[in-house]
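Working notes, beginning with the structure itself.
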Amino acid sequence: MNPHLKAYIERYVYLEPAEYEVLVGYFEEKRFKKKALLLESGQVCRYNYFLLQGLVRCFYLDANGNEQITQFGKEFWWVTTMDSFINEVPSLITIQAIEDVRALSINKEQLEEVYKKIPKMERLFRRVAENWLIAQQRNSHFFMKANSKERYQKLVTSIPNFVQRVPQYMIASYLDISPEYLSEIRKLP
């Protein structure tokens with residue numbers, strides 16, 4: 001069992017050694033080079049990824065053909081497009097590696113088997129989904145009220161070293177501002 005995934009699981013549930021032995025057979029390690037697509041818009045999302053190394057971005061193309069980043073993923077976070085993964089419908093979102101990525105993947109059928117064999121894992125994924133939804137709602141609420149500088153400062157403080165790893169134009173897209181305006185914000189005290 002990967003020690004990072006094990007530590008993550010232990011934040012939510014306790015598994016017996018025998019349960020870890022069962023679980024390890026369901027995850028496959030995958031590697032993606034920088035700029036590779038983990039999922040392309042229009043495809044059905046077949047995997048839920050636990051990132052071990054690297055960064056990804058999730059984005060869609062707006063009506064003008066511009067990329068709009070909806071979220072990022074970093075080490076020890078789960079990344080998928082939930083609607084596509086659960087409902088097996090084409091994804092509206094593309095997931096792309098920003099850096100070389102190493103991830104553990106599990107498909108929907110495997111995940112359902114895990115839930116049957118290790119019921120505690122269903123609780124883990126429910127809690128992960130709840131935490132993700134809470135974070136999304138808090139971010140949405142904050143983004144509606146905060147100005148651009150406040151949104152940038154929150155990003156800088158909430159995920160240390162993140163902005164040093166992500167190109168400025170991607171951060172600007174996520175914050176829904178121009179790269180030039182982001183450059184001005186970064187100069188302010």
Side-chain angles (χ1 to χ4, degrees), residues 30-103 105-108 125 128-188:
K30 295 189 177 202
R31 294 175 185 262
F32 301 91
K33 292 285 187 195
K34 180 179 180 177
K35 297 187 179 182
L37 299 181
L38 286 71
L39 175 69
E40 189 170 1
S41 175
Q43 296 177 335
V44 173
C45 182
R46 301 287 180 205
Y47 298 99
N48 196 349
Y49 296 100
F50 181 74
L51 301 181
L52 298 172
Q53 174 186 336
L55 294 172
V56 300
R57 67 183 179 134
C58 301
F59 68 94
Y60 66 92
L61 296 179
D62 68 15
N64 297 321
N66 298 315
E67 293 178 359
Q68 183 61 54
I69 295 176
T70 58
Q71 70 181 72
F72 293 99
K74 68 181 214 69
E75 292 87 359
F76 319 129
W77 288 9
W78 290 95
V79 176
T80 193
T81 59
M82 197 61 73
D83 180 33
S84 181
F85 182 73
I86 298 298
N87 296 317
E88 298 179 352
V89 297
S91 175
L92 302 174
I93 301 292
T94 296
I95 303 175
Q96 182 181 40
I98 298 173
E99 302 174 340
D100 288 350
V101 168
R102 191 167 60 96
S105 67
I106 188 166
N107 69 37
K108 183 180 177 186
F125 277 99
V128 168
E130 289 170 349
N131 288 342
W132 179 83
L133 182 57
I134 290 167
Q136 290 292 84
Q137 289 176 341
R138 286 180 180 168
N139 267 352
S140 291
H141 183 73
F142 179 78
F143 269 50
M144 286 187 296
K145 290 187 166 198
N147 64 39
S148 299
K149 182 179 178 186
E150 292 167 333
R151 293 194 313 255
Y152 176 73
Q153 289 174 332
K154 181 176 188 220
L155 184 63
V156 168
T157 57
S158 64
I159 310 173
N161 302 319
F162 180 74
V163 296
Q164 291 80 15
R165 296 170 65 187
V166 177
Q168 184 169 319
Y169 77 92
M170 289 184 191
I171 293 170
S173 171
Y174 177 70
L175 297 175
D176 200 22
I177 59 176
S178 72
E180 296 78 18
Y181 186 55
L182 177 59
S183 186
E184 290 178 30
I185 290 172
R186 291 174 76 169
K187 292 175 187 174
L188 297 173

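All values below come from the heavy atoms of this structure, side chains included, with hydrogens, waters and symmetry mates left out. The first residue in the sequence is number 1, and the count goes up from there.
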If I take atom [atom1] from residue [X] and atom [atom2] from residue [Y], how far apart are they, to the nearest 0.5 angstrom?
X      : Y      : atom1 : atom2 : value
Gln168 : Leu175 : CD    : CG    : 10.5 Å
Gln136 : Gln71  : CD    : CD    : 5.5 Å
Ile159 : Arg165 : CD1   : CZ    : 10.0 Å
Gln96  : Ile98  : CD    : CD1   : 8.0 Å
Arg46  : Glu88  : CZ    : CD    : 5.5 Å
Ile93  : Leu38  : CD1   : CG    : 13.5 Å

Is it the case that the side chain of [X] and the backbone of [Y] share a donor-acceptor pair, with hydrogens and angles ignored and the cut-off at 3.5 Å?
X      : Y      : answer
Ser173 : Tyr169 : no
Thr80  : Tyr47  : yes
Glu75  : Gly54  : yes
Asp62  : Asn64  : yes
Gln68  : Tyr60  : no
Gln137 : Ile134 : no

Is there side-chain contact between [X] and [Y], with heavy atoms separated by less than 4.5 Å?
X      : Y      : result
Val101 : Tyr49  : no
Tyr181 : Ser148 : yes
Ile185 : Ile177 : yes
Glu67  : Thr94  : no
Ser84  : Leu92  : no
Cys58  : Thr81  : no

Has Lys74 got its NZ or CZ under 6.0 Å from the middle of the six-membered ring of Phe162, at an angle within 45 degrees of the ring axis?
no

Cationic tip of Arg151 within the cone over Phe142's six-membered ring, i.e. under 6.0 Å and within 45° of the normal?
no

Between Ala172 and Leu182 the two heavy atoms that sit nearest each other are N-CD2, 3.7 Å

Indicate the atoms forming the closest heavy-atom contact of Val166 with Met170, along with that distance.
CG1-CB, 3.7 Å

Does atom NZ of Lys34 have more than 12 heavy-atom neighbours from other groups under 6.0 Å away?
no

In terms of the angle between their ring planes, are Trp78 and Phe50 parallel, tilted or perpendicular, with boundaries placed at 30° and 60°?
tilted

Quick check on ring-ring contact (aromatic ring centres under 6.0 Å, His included): which of Phe143, Tyr152, Phe59 does Tyr174 satisfy it with?
Phe143

